[in-house]
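Below is one structure, written out as structure tokens, with a few remarks after it.
By convention in this document, chain letters (A, B, ...) are assigned in the order of the sequence lines, proteins followed by strands, and residues within each chain are numbered from 1. Basis for what follows: all heavy atoms, side chains included, without hydrogens, waters or symmetry-related copies. Bear in mind that the values here come from a model prediction, so they are computed numbers and not experimental data.
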2 protein chains.
Amino acid sequence: MNSVSPLPSSTSFRLGTLGAVATARFTARIAALGLKPKDVGLLTLLRAGGPLSQLEAAKAMGVAPSLVVTVADRLELLGAVRRLRDPGDRRRQQLTLTQQGQALLDRCAGAAHELDAEFTAELDEPERTALDRTLAKLAAAHGLPA
Amino acid sequence: MNSVSPLPSSTSFRLGTLGAVATARFTARIAALGLKPKDVGLLTLLRAGGPLSQLEAAKAMGVAPSLVVTVADRLELLGAVRRLRDPGDRRRQQLTLTQQGQALLDRCAGAAHELDAEFTAELDEPERTALDRTLAKLAAAHGLPA
DNA sequence: GGCAACCGTTCTGACCGTGAACGGTCCCGT
DNA sequence: ACGGGACCGTTCACGGTCAGAACGGTTGCC
């Protein structure tokens, strides 16, 4: 008569809590590289989409343009991105990924895969690949990066 | 020679971003009920684990005890939980779920399932169940609620 | 040549959560 | 009986993250 359905049995709900745990651990790992999650987001975006203006980056990331300033500042300080005024339109700041940025991103990827292994340790191989496949599908369906 | 592996191909990474989207949408929906995500967490905990002290709740949720105060305040104001001093140990505040709380939680469950349907619309049925099954497994493995 | 639209930057403010400090309560040794 | 230490809940001050408004420099259009 009571409890129509135990709430945590919702896929979205589990996705949310698990996602929070995953990002927390990921954040901890990349902190050693001087990076924060949004930084990785921007770097990834730049590698995938070539040079971008900050506004384009903001739209793609779904954040306010003012936030991109902060992120780009930090990344520029790390030598991971270069900022240069578009000669054709001097209002725009072209963000380009440097080789150092590439290298940094690769180390992030390494950390991410370590985390994957640790995080999905209790799954067997077919489950892991099925999960990854499905998540990729969902990500694409919701217009997320890559 | 470049890009060892495109980073967003990490399961953890996708889990993180998708989780963020899911919680954002969930948050928007339950806002109409006057609830925030942590509130739902506490309500769920109370239904599953019976009456709890605030400290126990804090540990189970993985948050600071001071935060539980805020959440319990809001829920008490909504009439969703009752706070009463444990007669056996008057330091403890026993949190119990009221019938209104039950009802509220049921409405949350409804919202969550609507969201599930919407969020996983592009998956076919076997994929959906497989995903849910796997996420449940992961949640359990990481000591998350229920 | 002037005006509106646009991009990036700065700054202010809201929100969320932790950690420290405090009062009330309990337990234990003496 | 009683005093000190541990414990629970509450309050408060603080840090971190992000959005939104305001501003300067730049462009394109009329």
Side-chain angles (χ1 to χ4, degrees), chain A residues 16-17 19-32 34-42 45-46 49 51-77 81-96, chain B residues 16-17 19-28 30-31 34-42 45-46 49 51-77 81-96:
Chain A
T17 57
V21 173
T23 39
R25 294 210 199 167
F26 183 66
T27 302
R29 286 185 183 245
I30 62 176
L35 294 176
K36 308 198 172 193
K38 303 275 174 192
D39 302 354
V40 181
L42 181 52
L45 204 57
L46 288 180
L52 285 175
S53 78
Q54 296 188 186
L55 190 64
E56 290 167 337
K59 282 178 185 169
M61 288 195 283
V63 301
S66 55
L67 180 57
V68 177
V69 176
T70 312
V71 174
D73 281 348
R74 189 169 36 242
L75 290 178
E76 194 177 25
L77 208 62
V81 304
R82 238 191 315 270
R83 240 182 190 135
L84 63 94
R85 290 275 166 195
D86 183 339
D89 183 345
R90 304 226 310 281
R91 288 172 301 185
R92 315 178 88 220
Q93 292 274 44
Q94 287 284 9
L95 298 179
T96 66
Chain B
T17 58
V21 174
T23 39
R25 294 211 199 165
F26 184 66
T27 303
I30 61 175
L35 293 176
K36 307 197 171 194
K38 302 278 175 192
D39 302 354
V40 181
L42 181 51
L45 204 58
L46 288 181
L52 285 175
S53 80
Q54 296 189 186
L55 190 63
E56 289 167 337
K59 284 180 184 167
M61 289 195 282
V63 300
S66 54
L67 181 58
V68 177
V69 176
T70 310
V71 174
D73 280 349
R74 190 170 34 243
L75 290 178
E76 195 177 22
L77 207 61
V81 304
R82 238 190 313 268
R83 240 180 189 135
L84 64 93
R85 292 273 166 195
D86 183 341
D89 182 346
R90 304 228 309 280
R91 289 171 301 183
R92 316 177 87 219
Q93 291 275 44
Q94 287 283 7
L95 297 178
T96 65

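A sub-4.0 Å separation between OP1 or OP2 of dG17(C) and a side-chain N or O of Lys38(B) is present. Look at Arg90(A) and you'll find a side-chain N or O under 4.0 angstrom from OP1 or OP2 of dT26(D). Contact check, Arg92(A) against dG25(D): no side-chain N or O comes under 4.0 Å of OP1 or OP2.
The side chain of Val63(B) sits closest to dT18(C) out of dT9(C), dT17(D), dT18(C). For Leu55(A), whose side chain is taken as the heavy atoms from C-beta onward, the closest listed nucleotide among dT10(D), dC26(C), dC7(C) is dC7(C).
Between Arg74(B) atom CZ and dG17(C) atom C1' there is a gap of 12 Å when expressed in whole angstrom units. Atom CZ of Arg83(A) and atom C1' of dG8(C) are 8 Å apart (whole Å). In this structure, CD of Glu56(A) is placed 14 Å from P of dC6(C), rounded to the nearest angstrom. Asp89(A) places its CG atom 17 Å from the P atom of dA5(C), with the value rounded to the nearest Å. Atoms CE (Met61(B)) and P (dG17(C)) sit 10 Å apart, rounded to a whole Å. One interatomic measurement links the two molecules: CD of Gln93(A) to P of dG25(D), which rounds to 15 Å at whole-angstrom precision. Between Gln54(B) atom CD and dT11(D) atom C1' there is a gap of 13 Å when expressed in whole angstrom units. Between Asp86(A) atom CG and dC7(C) atom C1' there is a gap of 11 Å when expressed in whole angstrom units.
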**Study point:** side chain to side chain contact (heavy atoms under 4.5 Å, CB included) assessment of Gln94(A) paired with Gln54(A)
**Key:** CA-CA 7 Å; Gln94(A) 287 284 9; Gln54(A) 296 188 186; over 6 Å; no
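Within the 4.5 Å cutoff, the side chain of Leu84(B) has no heavy atoms near those of the Gln93(B) side chain. No side-chain heavy atom of Thr96(B) sits less than 4.5 Å from a side-chain heavy atom of Leu46(B).
Between Arg83(A) and Asp73(A) there is a salt bridge, since a side-chain N of the basic residue sits under 4.0 Å from a carboxylate O of the acidic one.
Between the side chain of Arg91(B) and the base of dC7(D) there is at least one donor-acceptor pair of N/O atoms closer than 3.5 Å. Below the 3.5 angstrom threshold, one finds a donor paired with an acceptor across the side chain of Ser66(A) and the base of dG20(D).
A residue-by-residue look at Pro65(B) and Ala64(A) shows that Pro65(B) has its nearest nucleotide of DNA chain D further toward the 5' end. With DNA chain D read from its 5' end, the first of the two nearest nucleotides for Leu67(A) and Gln94(B) is the one closest to Gln94(B).
In this structure, the side chain of Arg92(A) does not engage the main chain of Arg85(A) through any donor-acceptor pair within 3.5 Å.
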